[in-house]
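First comes the structure, then the notes that go with it.
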Amino acid sequence: MVLAAGELQAPYFTLSLILAGVYISLALAWDFSSGLTGYVNFGLPFFFGLGAFATGYLDYHGVHAVPELLAADFAVGLGGGLLFALPTLRLRGPYFTFLSLLLPLIGTDVVLAYWVPLGLPTVGYYNLPFLAPTGLGSLLIVTGLNGLWLTLLLWLRETHFGLVLRGIRDDEEALEAQGLRSFPYKVVAFALSNGIVGVAGGVYAMTTTFAGIDAFGFLFLLFPILIAILGGPGEIVGCIGAGFAVILLSQYLDLVMGPFTLILFSGLALVLVLFLPGGFRGLWRWVAS
Amino acid sequence: MGGLMTDDLLRVENVDKSFGGHRVLESISWRLQGSAVALVGPNGAGKTTLLNIVAGHLRPDRGRVWFRGMDVTGGPPWRSVRSGLVKTFQQVRPFPNLTVEEHVRLFSRVRGTIDTDHVLQITGLEPFRDRRAAGLPFGILKRIELAKALAVRPTLLLLDEPIAGLSSGEARDLLTTLHNLKKGGTRMLIVEHRLLETLAFVDEVVALDAGHLIFHGPPDRFFEDPTVRDAYLGGVDARN
């Protein structure tokens with residue numbers, strides 16, 4: 001699917017699991033900010049690309065330690081998310097979604113138009129450090145990070161902060177009418193979420209050893225949202241099972257169906273939104289009731 | 001906010017409001033005195049508009065609203081709430097995916113912290129605490145509306161038709177709850193159509209008709225007032 005550039009360090013199946021982990025990180029982050037609040041963020045690939053390019057930039061400037069690179073990716077994603085959220089999250093409904101949709105296009109255009117003229121490496125950074133010396137090591141790091149995100153986000157979901165985010169999704173106007181200003185909560189959730197996305201971008205760059213324009217790609221939007229919906233919007237934990245199911249299936253189908261896989265998954269997204277908006281959790285609740 | 005200091009809890013001064021050229025309120029001035037006050041009037045009298053202006057949901061065309069000496073005219077609502085003016089909605093607005101307990105917890109930090117269990121207990125919602133609001137009966141949703149407001153620790157509770165749509169038994173139960181709150185020191189302003197049930201419980205009545213204030217006094221004088229009987233009730237004794 002997306003494992004294209006760079007030197008492959010591990011067997012295909014291990015790489016598929018790492019890739020599933022990267023998408024699960026994205027889905028967890030998206031589900032926390034968009035699934036909980038109902039503010040649909042289509043800017044995911046922008047912050048993903050930002051993390052990947054931050055890794056490349058820092059590596060080219062002498063920072064090679066993985067923990068430092070990942071911490072920087074988090075800071076870049078968080079800061080970028082904050083800068084975008086502060087003006088745009090004052091908007092409601094489709095306006096925010098529309099602006100977020102423009103972000104990946106801006107990222108792509110900036111790279112295409114200004115990267116080479118600025119004297120930077122041709123359309124991206126090559127030969128980036130591996131996440132770990134072995135494929136299994138990389139998989140363990142990705143799994144550990146996802147464990148950390150899952151624990152953090154599930155804990156936050158149950159705090160008063162998470163409760164406010166869920167209240168925003170249900171009726172933001174009623175929330176504000178009763179004295180709670182939604183804006184700061186939305187901004188913090190959005191920034192944190194994009195910090196996680198930035199780290200995922202760095203992990204991806206250090207798995208493919210390349211940070212290029214593909215990091216701003218549409219797949220980094222389609223699959224995370226598909227996974228989050230399938231896992232049950234706002235449920236967070238559902239992203240884990242749904243992530244492995246979607247990505248491993250897509251990897252397999254990619255081998256046997258080639259480019260038709262994307263059409264198939266786009267169709268699946270349509271069916272899900274129409275008939276199963278609550279994902280597996282919604283289906284389970286419906287069956288149980 | 002900030003400005004003129006007065007001893008009044010709530011004071012409305014020369015408030016005018018029009019919608020699309022239609023004058024809904026005209027020169028309304030009034031000081032809240034009682035601990036439970038009914039704001040009554042027929043449909044279109046302007047009582048919900050006045051309540052929304054007091055709560056900061058609407059800005060008057062003219063005039064000011066003072067709450068605890070602070071100018072709260074025109075809101076925003078969250079700022080009015082933080083000063084202690086808390087309104088319930090006429091149309092219930094629950095958060096469908098939150099449990100009853102979460103409704104209270106959600107607002108429990110707006111003005112200090114409150115005891116969630118206590119609010120659930122006094123509103124009779126304890127048996128429903130773990131139920132999600134989606135699918136709960138209307139009478140329970142009305143109680144949730146009240147619980148949400150109490151979670152903010154209101155200085156003045158603004159109740160927009162709290163017993164509208166309830167059966168007589170449910171209304172009696174809710175009025176008992178309100179009566180207990182009143183005894184506990186909670187002050188409230190109630191907009192309500194069901195006159196007899198409401199007047200039995202309040203100690204001050206403000207009546208509007210076609211945007212004008214036509215009566216302000218104790219409930220026992222309400223039906224005796226010739227202006228109310230002639231203009232507001234068409235001369236018919238409402239108790240009959």
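Here the structure is a predicted model, which means the values were calculated and not measured. Residue numbering restarts at 1 for every chain, and letters A, B, ... go by the order of the sequence lines.
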Does NZ or CZ of A:R90 fall inside the cone over A:F183's six-membered ring, less than 6.0 Å from its centre and within 45° of the axis?
-> yes

For each of [options], tally heavy-atom pairs with chain A at distances under 4.5 Å, and name the one with the top tally.
{"options": "B:L98, B:N97, B:V86", "result": "B:N97"}
{"options": "B:P96, B:A151, B:P77, B:P76", "result": "B:P96"}
{"options": "B:R109, B:K148, B:K87, B:H57", "result": "B:R109"}

Evaluate the criterion ring-ring contact (aromatic ring centres under 6.0 Å, His included) for residue pair A:Y39 and A:F190; output intermediate values, then yes/no.
-> CA-CA 9 Å; A:Y39 275 75; A:F190 190 82; 9.3 Å; no

Checking heavy atoms, do the side chain of [X], its backbone, both or neither come under 4.5 Å from chain A?
{"X": "B:H103", "value": "neither"}
{"X": "B:R82", "value": "side chain"}
{"X": "B:A149", "value": "both"}

For this output row, return yes or no: ring centroids of A:Y204 and A:F220 closer than 6.0 angstrom.
-> yes

Would you tell me whether B:T88 and B:D160 have side-chain atoms, one donor and one acceptor, within less than 3.5 Å of each other?
-> no

Could B:E170 and B:K142 be called an ion pair, given the rule that one side-chain N must be under 4.0 Å from one carboxylate O?
-> no

